[in-house]
Amino acid sequence: YTVTGTSSNGCIGLPISATVTVNQVPNVQVSASSSSICSNQSVTLTATGADSYIWSPSNSLSSLTGGIVTATPAASTTYTVTGTSSNGCIGTFTIPITVNPLPTIQISPLNPTICSGQSISITASGADTYVWSPSTGLSSTTGSVVNANPTASTTYAVTGTDLYGCSNTLNLPVTVNQLPIVQVSSNSLSICP
């Protein structure tokens, strides 16, 4: 810019120039190790494009500064990073992270009791796929319905996974009652009519 000044008597001073440099705003970008996580999981957020960074909100982040932070949100959250370049210019970027709840696994019947040698059908619900353990006494280790025929009381665990890949586990104790031991005694095995 050039400025030329004129006094009240009409005299004109020499022009003076000033240069204004316009620095570019940093192009801040953020990448996430995953945009969708399960409850109680973490995600790594990596910022690029600036020289220093400040993150928000603060309640679920491992750090408020730095190019790489770990987020463990309890619910779906949009994170904002403010990046500052070496020339003092500021840029921002927001990234949403979706938190999917864990599936609620239900089992029927609850706390079943059987007699030794019997079997019982157990049904799991609340997820899309199921894995059972231990395999002892089970007709299968996968599926929503299994038959259990344990020889002794056993606690089975079923892990259900939903369409988002989130898993939850529920334990089911199966009580096995032993058969009674029947005995007969007599003072004589031979009698008269």
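Other residues, nucleotides and ligands contribute over 12 non-hydrogen atoms within 6.0 Å of the CD1 atom of Ile120. Within 6.0 Å of the CD1 atom in Ile16, the count of heavy atoms belonging to other residues, nucleotides or ligands does not exceed 12.
Atom CG in Asn147 sits 12.5 Å away from atom CD in Gln118 (nearest 0.5 Å). Taking CG of Asn171 as the reference point, atom OG1 of Thr155 lies at 6.5 Å (rounded to 0.5 Å). Between the CG atom of Asn111 and the CG atom of Leu172 there is a distance of 6.5 Å, given to the nearest 0.5 Å. Between the OH atom of Tyr53 and the CZ atom of Phe93 there is a distance of 12.0 Å, given to the nearest 0.5 Å. Within the model, atoms OG of Ser85 and CD of Gln24 stand 10.0 Å from one another, a figure rounded to the nearest 0.5 Å. A distance of 7.0 Å separates CD1 of Ile107 from CD1 of Ile122, quoted to the nearest 0.5 Å.
Proximity of a side-chain donor or acceptor of Asn149 to a complementary backbone N or O of Gly137 within less than 3.5 Å is not detected. Formation of a donor-acceptor pair under 3.5 Å by the Tyr156 side chain with backbone atoms of Thr136 is found in this model.
Shown are Thr141, Leu138, Val158; of these, the side chain to side chain contact (heavy atoms under 4.5 Å, CB included) with Val146 is made only by Leu138.
Between Pro26 and Gly91 the shortest heavy-atom distance is CG-N, 3.6 Å. Counting all heavy atoms, side chain and backbone alike, Leu102 lies closest to Cys166 at CD2-CB, 4.1 Å. Heavy atoms only, all atoms of each residue included: Ser34 and Ser36 are closest at OG-O, 2.7 Å. Between Gly67 and Trp55, the shortest heavy-atom contact is O-CZ2, 4.0 Å.
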Checking side chain to side chain contact (heavy atoms under 4.5 Å, CB included) for the pair Thr94/Thr92: CA distance, chi angles, key distance, verdict?
CA-CA 7 Å; Thr94 59; Thr92 61; 6.0 Å; no
Go through Ser17 and Thr2 one step at a time and tell me if the side-chain hydrogen bond (donor to acceptor under 3.5 Å, both in side chains) criterion holds.
CA-CA 4 Å; Ser17 296; Thr2 301; 3.0 Å; yes
Show, in sequence, the C-alpha distance, side-chain angles and deciding distance for Ile97 and Leu45, and conclude whether the side chain to side chain contact (heavy atoms under 4.5 Å, CB included) test is met.
CA-CA 10 Å; Ile97 301 297; Leu45 304 176; 4.1 Å; yes
Asn177 and Thr113: CA distance, side-chain angles, deciding distance, side chain to side chain contact (heavy atoms under 4.5 Å, CB included) verdict
CA-CA 7 Å; Asn177 293 323; Thr113 299; 3.0 Å; yes
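Side chains of Thr159 and Ser167: a donor-acceptor N/O pair is absent below 3.5 angstrom, by distance only. In this model, no donor atom of one side chain and acceptor atom of the other lie less than 3.5 Å apart for Ser60 and Thr72.
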